[in-house]
Amino acid sequence: HGSLKKAAEILGITPAAAGQRIKALEDYLGIELVVRGRSGLRPTGELELALPHLATAFAELRKAAQLLDVQRVDEIHIAANSDWVELWLMPRLAEFRKAFPNILFCINGVGDVPMRLGRADIEIKFGESEEKANIDSFYRDFLTPIGSLENTRRIRRLAKDDDLEGFPLLHLDFYKDDPAAITWPDWIEAHGHRRTAFTRGIRYQRIAPGLQAVASNAGFMVCGLALISDRVDKGELTLPFEVSKGAWTGHAFHARYRSDTMVRSQIKCFREWLTDESRKTRNWLERFVI
């Protein structure tokens with residue numbers, strides 16, 4: 001696929017982990033396997049010679065994995081966006097486990113059972129949704145400035161139009177591939193509240209570390225509400241400005257199910273639960289925004 005990022009998405013691991021696996025294999029074999037070219041990563045000459053044989057071997061491994069996979073009647077293997085797992089799934093999963101204690105999980109390679117060969121049963125990402133039988137679209141996100149209780153109190157004591165002036169702004173790159181997603185410059189250009197330096201500030205690739213910074217009074221951040229509804233309801237994170245000043249994303253969180261596993265009882269059960277929980281989040285967002 002020409003990049004560690006794409007390979008990592010398919011494997012359900014991080015690009016760094018994919019790079020470490022390649023390095024470990026190169027060290028073991030004593031040869032280079034990939035080099036960087038103009039169009040991205042490509043196989044070395046040594047690897048090119050072995051590729052046809054590897055393709056045959058991997059095809060046989062997939063067949064073996066599928067034959068053995070039918071025996072894992074209580075397992076669900078998930079490759080998912082890390083923020084979605086940490087902020088949305090894990091706080092809810094305990095309730096599912098109470099109802100179905102015999103279902104075992106492996107999420108992003110970690111859990112009740114070891115990671116297995118082949119694709120995960122369910123892949124969950126944030127991006128453009130497709131209308132297919134094996135894909136469920138959960139919910140779009142709603143982007144708006146968020147802050148800590150203390151920082152929100154501070155700016156609300158300032159009776160001026162540029163009340164954000166001087167406060168640190170934190171920038172989130174999680175939504176950068178979504179053309180509809182707004183950033184601090186977009187929001188400030190539309191609504192004001194600051195005149196200078198609105199592009200400066202720490203940038204975060206992931207949502208969770210950014211939320212930790214916000215909660216520790218490090219600054220304000222434009223963030224989606226879909227994964228933090230419980231923290232907003234508890235008052236742990238606050239909305240310093242009118243919700244109507246926010247904007248919906250074009251992309252959505254969605255799940256892709258392996259076609260050959262959709263008929264299994266544990267997958268059908270978990271899919272129904274995910275659909276129901278996602279509906280609750282979608283309803284919360286719609287009520288909150290309206």
Side-chain angles (χ1 to χ4, degrees), residues 1-15 17-18 21-22 51 54-90 92-97 99-140 177 226-227 251-282:
H1 292 279
S3 77
L4 285 177
K5 182 179 179 181
K6 180 63 177 177
E9 287 178 357
I10 294 169
L11 293 170
I13 59 177
T14 65
R21 291 187 183 186
I22 293 173
L51 281 179
L54 287 170
T56 301
F58 287 138
E60 289 299 316
L61 278 172
R62 278 193 293 273
K63 290 179 183 177
Q66 288 169 1
L67 290 171
L68 295 171
D69 200 35
V70 298
Q71 302 175 46
R72 304 187 188 213
V73 294
D74 294 325
E75 295 182 15
I76 298 178
H77 290 252
I78 302 172
N81 174 274
S82 299
D83 283 311
W84 182 86
V85 171
E86 181 178 342
L87 300 172
W88 191 90
L89 179 62
M90 297 312 293
R92 293 167 171 79
L93 195 58
E95 289 301 315
F96 179 85
R97 286 180 177 275
F100 303 95
N102 295 325
I103 294 180
L104 306 177
F105 287 90
C106 179
I107 303 172
N108 291 343
V110 179
D112 308 314
V113 289
M115 189 174 180
R116 67 183 176 202
L117 293 172
R119 285 180 53 205
D121 300 313
I122 309 168
E123 298 172 0
I124 297 166
K125 300 178 181 179
F126 180 77
E128 293 182 271
S129 296
E130 303 174 58
E131 292 187 8
K132 293 184 178 180
N134 67 324
I135 297 178
D136 291 342
S137 181
F138 292 156
Y139 38 77
R140 291 186 298 153
D177 295 328
L227 307 187
H251 291 177
F253 289 95
H254 60 273
R256 180 189 298 270
Y257 296 83
R258 267 177 52 195
S259 300
D260 58 325
T261 64
M262 289 173 62
V263 296
R264 296 183 189 171
S265 60
Q266 78 271 30
I267 301 297
K268 291 169 70 175
C269 180
F270 188 63
R271 185 181 189 181
E272 183 178 335
W273 178 81
L274 275 180
T275 301
D276 186 54
E277 290 298 315
S278 297
R279 187 184 301 111
K280 293 177 184 177
T281 297
R282 190 164 57 248

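Just so we're clear, the structure is a prediction, and the values are computed from it rather than from any experiment.
- Note that CG of Asp260 is 10.5 Å distant from CG of Asn134, once rounded to the nearest 0.5 Å.
- Panel note: side chain Gln266, backbone Glu75; a donor-acceptor pair is recorded below 3.5 Å.
- Rounded to the nearest 0.5 angstrom, Ile103 CD1 and Trp273 CH2 are separated by 11.0 Å.
- For Asp112, the side chain to side chain donor-acceptor pair (under 3.5 Å) criterion is met by Arg97, not counting sequence neighbours.
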Under the side-chain contact (heavy atoms from CB on, under 4.5 Å) criterion, do His77 and Val113 qualify, and how do the steps go? CA-CA 9 Å; His77 290 252; Val113 289; 3.9 Å; yes

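- Residues Phe270 and Ser265 are not in side-chain contact: their nearest non-hydrogen atoms beyond the backbone lie 4.5 Å or more apart.
- In this structure, OG on Ser82 lies 8.0 Å from CD on Glu86, to the nearest 0.5 angstrom.
- Counting heavy atoms from C-beta on, the side chains of Arg271 and Lys268 never come closer than 4.5 Å.
- For the pair Phe138 and Ile124, the minimum side-chain heavy-atom distance is below 4.5 Å.
- Of the options Leu89, Val85, Asp83, a side chain to side chain contact (heavy atoms under 4.5 Å, CB included) to Leu227 is made by Asp83 and by none of the others.
- The shortest side-chain heavy-atom distance between Asp121 and Tyr257 does not fall under the 4.5 Å cut-off.
- Atom-to-atom distance recorded for Met90:CE and Trp84:CH2 is 10.0 Å, nearest 0.5 angstrom.
- Note that CG of Asp74 is 6.0 Å distant from CG of Asn102, once rounded to the nearest 0.5 Å.
- Note that OG1 of Thr14 and CD of Glu9 are 11.5 Å apart. Values are rounded to the nearest 0.5 Å.
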Ignoring hydrogens and angles, write down the donor-acceptor pairs under 3.5 Å from the side chains of residues 104-111, residues two or more places apart or on other chains.
from, atom 1, to, atom 2, distance (Å)
Asn108, OD1, Ala80, N, 2.8
Asn108, ND2, Ala80, O, 3.0

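- The heavy-atom pair separating Arg258 from Arg119 by the smallest distance is NH1-O, 3.0 Å.
- Contact check for Asp136 versus Thr275: side-chain heavy atoms found under the 4.5 Å cut-off.
- In terms of heavy-atom proximity, Cys269 sits nearest to Phe100 at SG-CZ, 3.1 Å.
- Looking at heavy atoms from C-beta onward, Phe253 lies out of side-chain contact with Ser129 at the 4.5 angstrom threshold.
- Glu130 pairs by the salt bridge (Lys or Arg N to Asp or Glu O under 4.0 Å) definition with Lys132, Arg256, not counting sequence neighbours.
- Pro15 and Leu4 make their closest contact through O-CD1, 4.1 Å (heavy atoms, listed as atom of the first residue, atom of the second, distance).
- Nearest heavy-atom pair, Trp88 versus Ala226, reported as atom, atom and distance to 0.1 Å: CD1-O, 3.7 Å.
- Residues Phe126 and Asp177 are not in side-chain contact: their nearest non-hydrogen atoms beyond the backbone lie 4.5 Å or more apart.
- The shortest non-hydrogen separation linking Ala120 to Ala79 is CB-N, 3.7 Å.
- In this structure, the side chains of Thr281 and Arg92 come closer than 4.5 Å at one or more pairs of heavy atoms.
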